[in-house]
Peer 1: 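After the structure tokens below, expect a handful of questions from me.
So you know, we letter chains A, B, ... as the sequences are listed, proteins then strands, and number each from 1. Note that this is a predicted model, so its numbers are computed, not measured.
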Amino acid sequence: MTADSRVELPPQYQPAEVEGRRYEEWVARGLFVADASAPGPAYSIVIPPPNVTGSLHMGHALDHTQMDALIRRRRMQGYVTLWLPGMDHAGIATQNVVERELAKEGQSRHDLGREAFVKRVWQWKAESGGKILGQMRRLGDSVDWSRERFTMDEGLSRAVQTIFKRLFDDDLIYRAERIINWCPRCHTALSDIEVDHTDVEGELVSIRYGGGDDAVVVATTRAETMLGDTAVAVHPDDQRYAHLAGREIELPLSGRRIPVVADPHVDPEFGTGAVKVTPAHDPNDFEIGRRHGLPSLTILDERGIVTAPGPFAGLDRFEARPAVVAALREQGRIVAETRPYLHAVGHCSRCGTIVEPRLSLQWFVKVEPLAKAAGDAVRDGRVRIHPPELAARYFAWVDDMHDWCISRQLWWGHRIPVWYGPGGEVVCVGPGEEPPAGAGWQQDGDVLDTWFSSALWPFSTLGWPDDTADLRRFYPTSVLVTGYDILFFWVARMMMFGLYAMRDAGPAEAVPFRVVALHGLVRDQFGRKMSKSRGNTVDPLDWISRFGADATRFTLARGASPGGDVAVGEEWVTGARNFCNKLWNATRFALLNGARVAAAPPDRDALTAADRWILSRLAAVTAEVDDYFERFEFSKLCEVLYHFAWDEVCDWYLELAKTSLAAPQAADRTREVLGYLFDRLLRLLHPVIPFVTDDLWTALTGEDTIMTAPWPGQDEAGRSTPGDWRDPAAEAELSSLMRLVTEVRRFRSDQGLRPGQRVPAVLAGIAATPLGAHEHSIRSLLRLDEPGAEFAATASLQAEGITVELGPAAVDVTAERRRLEKDLAAARKEAEQTERKLASEAFLAKAPASVVTDTRGRLAAARAGIERVSGRLAALGVSSAGSSSRDGKESG
RNA sequence: GGGCGCAUAGCUCAGGGGUAGAGCACUCGCCUUACAAGCGAGGGGUCACUGGUUCGAACCCAGUUGCGCCCACCA
């Protein structure tokens, strides 16, 4: 087949013209769809479900690039692969979005009522939700769209109900009155992980309680809570307050009398050693209150407004605070001046409002037994965390987990399947069961924490609780790819629920995934966290539009070491775009020169050293890439492929190929090697940069798609590519060639010779070296002509045992001398260092023989270098006299 | 308050007991017929500091300093 019969490729890669079309082709041909009944090993990944409200950001792009690369490689390896997409209903986030929309219409959800509001949210989801799914297509995600799931789907809701019922029956879910994190803006309880602690500059106020002998000073940053104080606590051993313990003192402002209790929780070293106790509004105080049977006095409502009777009633908590302080000051109750105080305060992770600890009746998961199992699965190796260093964080979380508050005072989410009877009966209703009928029965009004359904994701998406073919085939999933930032709250919970729900499968098969592969955060080009407030965020879609999906993916993959953060900037993606273009042009070169992919690998006996060298390197690179894939070393595998493709294939092999393509008897063989080489190279790159590789590969081979081409590593004949193709002799020979060419190029550059200028030269002694066979190539790479009849050398240099004598051209004696003097100094330094080393008896006695040999070799090389360079310097002095005016500089 | 990690070129980072690396940036020269989104040749580092182990330390150990991150119910 000849070049003209093939697709003409433009000289620059235009991602926009390729990507959309290819993606739709892949989908249309069903290449992403997993066939659960197909033979062969299975490989599955469930996508960390993005929020319906979300759009694609760099974090997703990183996540998805890694998952897609893993999936694509396995698919090429012949696994039955499933990458399952879907979305999370994102309770609070979504409800907030729709409530804001309603607010614009001057309405609240209460105006609509529950049923209409939920309907409205579904409507919102249908119209504006899930933008991210379309954006995933732009990235090239090879997800199985036929299996797309949503946490509020009928099936997944049934899974939620089922597991709730089981947990309830196993006494692992309970309802209790506890201090929980309350968001006064969202009007709902929050779990610990939905609270972000940030330092806030507060004011520490010291207040004198009681009077006369009873006086005791307490400090607080939340003065308004004193309205709900029901005690003062001191440490039992604190002599300063021994006389007060058990007595009652006067609480300022209200005039109530409250007891002084002795409790070991109090730190006598901190502040005055006395603490005000507000059981209804502080978790510690709640515990103290429980221990001493203190009443809990709620003084704030769900909006954070004071309800305690008196002058402060109706004030917001932040208005009440200074008001209370002012009133105390008036009464002379403020001791000393208030002072600024930096302390960590909890904020609602959804809206940023300061969280209010609040006593209320909520549902909890008893996590202790579940968390223990989740920890054990990692401890005994059923689940591997990668990189292993991060397992410590996992254990820290799992081994010290508080009970999980799962009820939310929201309308959007899975409603708690519990009914309360007129006589206080509590009935948990499982799926398919009829709720109790009759007067007075009512369902719990709350919904479940969004993370409750997310925790079921690895099996609820596969059909659990039914025994489906998908569940049997694809559970446990092969790997979970996510950022270390959500290792705890999501990963740990999937582990707990997976092990619990799937326990019948046996300990090894109940785990939700076999490996957790963690990556870091995407940062900006200066390594700073991306944030909207800093204005340094980058939109992946913008990059995809301007540089292509492949360039975007390659940038992220290339920066991603396991567990490490990725710094990206426009320079990076430009480089990746350039790389794609380089591949484009290299393949284009191969095509223009009639490269062809033969059914069988090239006949080794017919190959030149250059061919054997590049195929040997290809084999080495193939093995490395395979290994890096197994270890999630995306950065390294990209690096290896980048350098192989660019430095070795393009800069050397293609240049060498130009010579052999020009020789009629060698051209066919070279075309064959080029075909083989690019076929393999493109396949190796496909998982990371799917679009450009598919486009080029189909042009090269005439096949439909690279997606189903076998992964290299073993060729069609069952021959292992590494091993068979490795050729150390060819590698050494070509290394020698490259050193020679580089050395002469350096000389030419120093001489100011233009790269294209042809110079007559003699390569004296080349025939006696292994490079003899390459003389033609070497001359071509270096633009050296055969010497004419009247050849007269004006300069010479030695390298690789060859004396290169250059004809009239070389001239810049000063530059050459400077260069040689520098080389001489370096060689002398090296010689000195190695000599000193070899003079040490301790070194000779204790260092391994290989190191000693190596050092001797270095010394010999350095000495030879000194001699050679000295010789050149001397020769320079002689030959420079006569020939300094004919040179390559006349043009510049 | 507890735990973990990091300090290597101008920037972002890899490496890891035996010759200091990459990308980008920088300098010089080139439109050499796949590619100027390119080609060739260069410059640039006390591997944070102080000690220790070792024939040998950027690497291992201890301490110091600086910087991150995670967890956390001390008012």
Side-chain angles (χ1 to χ4, degrees), chain A residues 9 11-13 179 181 192 197 204 218-222 225 233 265-267 269-272 274-278 282-287 341 343-344 346 357 389-390 392-393 396-397 400 402 484-485 487-488 520-521 523-527 529 547 558-559 561 563-569 571-572 574-593 635-636 639 642-643 650-651 654-655 658 742 745-750 752-758 783 819 830 833-834 837 840-848 850-852 854-855 858 861-862 892:
Chain A
L9 298 176
Q12 281 192 340
Y13 175 51
I179 292 270
N181 305 295
D192 291 347
H197 288 89
L204 193 64
V218 299
T220 182
T221 52
R222 293 194 298 155
T225 60
H265 169 78
V266 179
D267 176 4
E269 305 294 316
F270 189 91
T272 60
V275 189
K276 61 192 277 305
V277 181
T278 323
D282 183 281
N284 287 314
D285 295 4
F286 179 74
E287 291 305 317
Y341 187 73
H343 62 144
E389 301 92 85
L390 286 171
R393 280 198 196 180
W397 169 265
D400 184 30
H402 294 134
Y484 59 67
D485 50 334
L487 171 62
F488 319 107
L521 271 33
R523 296 173 176 273
D524 75 4
Q525 57 192 310
F526 305 112
K529 213 166 174 168
F547 304 102
R558 192 181 187 183
S561 56
D565 291 346
V566 186
V568 298
E571 296 86 350
W572 280 259
T574 307
R577 188 266 321 257
N578 294 353
F579 177 58
C580 293
N581 193 50
K582 188 74 180 176
L583 281 175
W584 180 266
N585 276 294
T587 311
R588 184 164 156 255
F589 171 86
L591 280 169
L592 289 170
N593 285 287
S635 166
K636 287 185 183 149
E639 204 67 20
Y642 179 91
H643 286 293
C650 291
D651 290 348
L654 292 191
E655 292 307 317
K658 285 174 184 173
T742 301
R745 276 179 181 160
R746 186 162 86 141
F747 180 83
R748 286 186 56 129
S749 178
D750 287 344
L753 289 168
R754 279 175 289 113
Q757 182 176 348
R758 308 207 62 93
R783 324 272 153 193
R819 161 60 36 81
E830 171 79 359
Q833 277 175 357
T834 44
K837 210 163 192 177
S840 152
E841 278 176 38
F843 172 72
L844 294 174
K846 299 201 175 178
S850 62
V851 173
V852 176
D854 186 52
T855 309
R858 276 167 53 202

Peer 1: Got F286(A) and D282(A) here, is their nearest side-chain heavy-atom distance under 4.5 Å?
Peer 2: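 Counting from C-beta outward, F286(A) and D282(A) never come under 4.5 Å.
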Peer 1: Between G1(B) atom C1' and D400(A) atom CG, what is the distance in whole Å?
Peer 2: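 Answer to the nearest Å: 14 Å.
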Peer 1: Answer whether the closest heavy-atom distance between the side chains of R783(A) and R748(A) falls below 4.5 Å.
Peer 2: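 Result yes, sub-4.5 Å side-chain heavy-atom pair found.
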Peer 1: Taking only the side-chain heavy atoms of W572(A) (C-beta and beyond), determine which of C71(B), U12(B), A34(B) contains the nearest atom.
Peer 2: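 Nucleotide nearest to W572(A)'s side chain: U12(B).
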Peer 1: What contact category does K658(A) fall into here, base, sugar-phosphate, or nothing, at under 4.0 angstrom with non-hydrogen atoms?
Peer 2: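 If one applies the 4.0 Å heavy-atom cut-off, K658(A) turns out to touch a base.
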Peer 1: Check this one for me: any side-chain N or O of K837(A) less than 4.0 Å away from OP1 or OP2 of U19(B)?
Peer 2: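 It does not, given that no N or O in the side chain of K837(A) lies less than 4.0 Å from OP1 or OP2 of U19(B).
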Peer 1: Name the nucleic acid region contacted by A586(A), choosing base, sugar-phosphate or nothing; use a 4.0 angstrom heavy-atom cut-off, strictly under.
Peer 2: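 Base contact.
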Peer 1: As a test of reading the structure: which of A34(B), U32(B), G15(B) is closest to the side chain of R783(A), going by heavy atoms?
Peer 2: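 Nearest listed nucleotide: U32(B).
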Peer 1: What contact category does T742(A) fall into here, base, sugar-phosphate, or nothing, at under 4.0 angstrom with non-hydrogen atoms?
Peer 2: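 Result for T742(A) = sugar-phosphate.
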Peer 1: Would you mind reporting whether K276(A) and T225(A) have side-chain heavy atoms less than 4.5 Å apart?
Peer 2: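 Counting from C-beta outward, T225(A) and K276(A) do come under 4.5 Å.
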Peer 1: C1' atom, C28(B) versus A62(B): distance in rounded Å?
Peer 2: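 Straight-line distance between the two C1' atoms is 48 Å.
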Peer 1: Does K582(A) reach a base, just sugar-phosphate, or nothing at all? Heavy atoms under 4.0 Å.
Peer 2: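 Base contact - K582(A) has a heavy atom under 4.0 Å of at least one base atom.
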Peer 1: Answer whether the closest heavy-atom distance between the side chains of R858(A) and E830(A) falls below 4.5 Å.
Peer 2: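 A side-chain contact under 4.5 Å exists here.
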Peer 1: For RNA chain B, just give me the dot-bracket, please: Watson-Crick or G-U, both distances below 3.5 Å, ( ) intra-strand, [ ] crossing earlier pairs, | paired with another strand, . unpaired.
Peer 2: ((((((((.[[[[.)..(..]]]].(((((.......))))).....[[[[[..)....]]]]])))))))....
Peer 1: Of the candidate nucleotides G23(B), A75(B), U32(B), which contains the atom at the shortest distance from the side chain of P755(A)?
Peer 2: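 So the side chain of P755(A) is nearest to U32(B).
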Peer 1: How far does the P atom of A57(B) sit from the matching atom of G51(B), given to the nearest Å?
Peer 2: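 13 Å, rounded to whole Å.
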Peer 1: If the P atom of A37(B) is compared with that of C26(B), how far apart are they to the nearest Å?
Peer 2: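 One P to the other, the span is 15 Å.
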Peer 1: Could you tell me whether E639(A) and K636(A) have a side-chain N and a carboxylate O separated by less than 4.0 Å?
Peer 2: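 Salt bridge absent between E639(A) and K636(A).
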Peer 1: Roughly how far apart, to the nearest Å, are C67(B) and U8(B) at atom C1'?
Peer 2: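 Comparing C1' positions in C67(B) and U8(B) gives a spacing of 16 Å.
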Peer 1: What's the verdict on side chain to side chain donor-acceptor pair (under 3.5 Å) for Y13(A) and N578(A), showing C-alpha distance, side-chain angles and the deciding distance?
Peer 2: CA-CA 9 Å; Y13(A) 175 51; N578(A) 294 353; over 6 Å; no
Peer 1: Just the rounded figure in Å: distance from P of C74(B) to CZ of R222(A).
Peer 2: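 Those two atoms, CZ and P, are 12 Å apart.
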Peer 1: How would you label the contact of D651(A) with the nucleic acid (heavy atoms, under 4.0 Å): base, sugar-phosphate, or nothing?
Peer 2: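 Touches sugar-phosphate only.
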Peer 1: Under a 4.5 Å cut-off applied to non-hydrogen side-chain atoms, are V568(A) and Q525(A) in contact?
Peer 2: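 No, their side chains stay 4.5 Å or more apart.
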Peer 1: Can you identify which nucleotide, out of G40(B), C35(B), G18(B), has its nearest atom closest to the P848(A) side chain?
Peer 2: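 Nearest nucleotide to the side chain: G18(B).
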Peer 1: Can you tell me how far C1' of C13(B) sits from CD of E571(A), to the nearest Å?
Peer 2: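 Those two atoms, CD and C1', are 14 Å apart.
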Peer 1: Does a side-chain heavy-atom distance below 4.5 Å link S749(A) with R754(A)?
Peer 2: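 A side-chain contact is absent here, since even the closest heavy-atom pair is not under 4.5 Å.
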Peer 1: Mind checking F526(A) for me? I need base, sugar-phosphate or nothing, with any heavy atom below 4.0 Å counting as a touch.
Peer 2: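 Touches sugar-phosphate only.
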Peer 1: Name the nucleic acid region contacted by A396(A), choosing base, sugar-phosphate or nothing; use a 4.0 angstrom heavy-atom cut-off, strictly under.
Peer 2: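 The residue A396(A) makes no contact with any strand.
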Peer 1: Remember a base hit wins even if backbone is also touched, and classify R558(A) as base, sugar-phosphate or nothing at under 4.0 Å, heavy atoms.
Peer 2: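 Result for R558(A) = sugar-phosphate.
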Peer 1: Between G40(B), C70(B), C35(B), which nucleotide gets closest to the side-chain atoms of R745(A)?
Peer 2: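 Shortest atom-to-atom distance from the side chain points to G40(B).
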Peer 1: Could you give the distance separating G56(B) and G5(B) at their C1' atoms, to the nearest angstrom?
Peer 2: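 Looking at atom C1' only, G5(B) and G56(B) are 29 Å apart.
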Peer 1: For the pair D400(A) (side chain) and A396(A) (backbone), establish whether a donor and an acceptor sit closer than 3.5 Å, ignoring hydrogens and angles.
Peer 2: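 Checked: no pair found.
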Peer 1: To the nearest Å, how far apart are E287(A) CD and A75(B) P?
Peer 2: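 These atoms are roughly 17 Å apart.
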Peer 1: Contact class for R577(A) (heavy atom, under 4.0 Å): base, sugar-phosphate, or nothing?
Peer 2: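 R577(A): base contact, heavy atoms under 4.0 Å.
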Peer 1: Can you identify which nucleotide, out of G18(B), G38(B), G23(B), has its nearest atom closest to the V851(A) side chain?
Peer 2: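 That would be G18(B).
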Peer 1: Given the C1' atoms of A14(B) and A58(B), what is the spacing between them in whole Å?
Peer 2: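 Looking at atom C1' only, A14(B) and A58(B) are 14 Å apart.
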Peer 1: Give the nucleotide from the list G38(B), A34(B), C69(B) with an atom nearest to the side chain of L592(A).
Peer 2: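 The closest nucleotide is A34(B).
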Peer 1: What's the gap between A34(B) and G29(B) when it is taken at their C1' atoms, as a whole Å value?
Peer 2: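 Pairwise C1' distance, A34(B) against G29(B), rounds to 22 Å.
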Peer 1: What integer number of Å spans the C1' atoms of G23(B) and U19(B)?
Peer 2: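 The same atom, C1', in both gives a distance of 23 Å.
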Peer 1: Separation of F589(A) atom CZ from A37(B) atom P, in whole Å?
Peer 2: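 In whole Å, A37(B) P and F589(A) CZ are 20 Å from each other.
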Peer 1: Hey, does the side chain of N593(A) come within less than 4.0 Å of A34(B)'s phosphate (OP1/OP2), counting only N and O?
Peer 2: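 For A34(B), neither OP1 nor OP2 has a side-chain N or O of N593(A) closer than 4.0 Å.
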Peer 1: Side chains of V851(A) and F843(A): closer than 4.5 Å at any heavy-atom pair?
Peer 2: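 Heavy-atom side-chain distance check passes, below 4.5 Å.
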Peer 1: Contact class for C580(A) vs. all strands (heavy atom < 4.0 Å): base, sugar-phosphate, or nothing?
Peer 2: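 Answer is nothing: C580(A) stays at 4.0 Å or more from every strand.
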Peer 1: Within the structure shown, what part of the strands sits under 4.0 Å from L844(A) by heavy-atom distance: base, sugar-phosphate, or nothing?
Peer 2: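 Touches nothing.
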Peer 1: If you check every side-chain atom of W397(A), which of C24(B), C70(B), A72(B) has the closest atom?
Peer 2: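 So the nucleotide nearest the side chain must be A72(B).
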Peer 1: Counting only distance, no hydrogens or angles, is the base of A37(B) paired donor-acceptor with the side chain of Q12(A) under 3.5 Å?
Peer 2: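 Side chain to base: pair present.
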Peer 1: Once rounded to the nearest 0.5 Å, what's the spacing between atom NE2 of H643(A) and atom CG of D651(A)?
Peer 2: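 Rounded to the nearest 0.5 Å, the NE2-CG separation comes to 11.5 Å.
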Peer 1: Within the structure shown, what part of the strands sits under 4.0 Å from D267(A) by heavy-atom distance: base, sugar-phosphate, or nothing?
Peer 2: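 Base, at least one base atom sits under 4.0 Å.
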Peer 1: I need the CG-C1' distance between N585(A) and C35(B), as an integer number of Å.
Peer 2: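 Answer to the nearest Å: 3 Å.
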Peer 1: Nearest to the side chain of R746(A), which nucleotide is it out of A41(B), U32(B), G18(B)?
Peer 2: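 Among the listed nucleotides, the one closest to the side chain of R746(A) is A41(B).
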Peer 1: In whole angstrom, what separates E639(A)'s CD from C13(B)'s P?
Peer 2: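 Going from CD in E639(A) over to P in C13(B) covers 14 Å.
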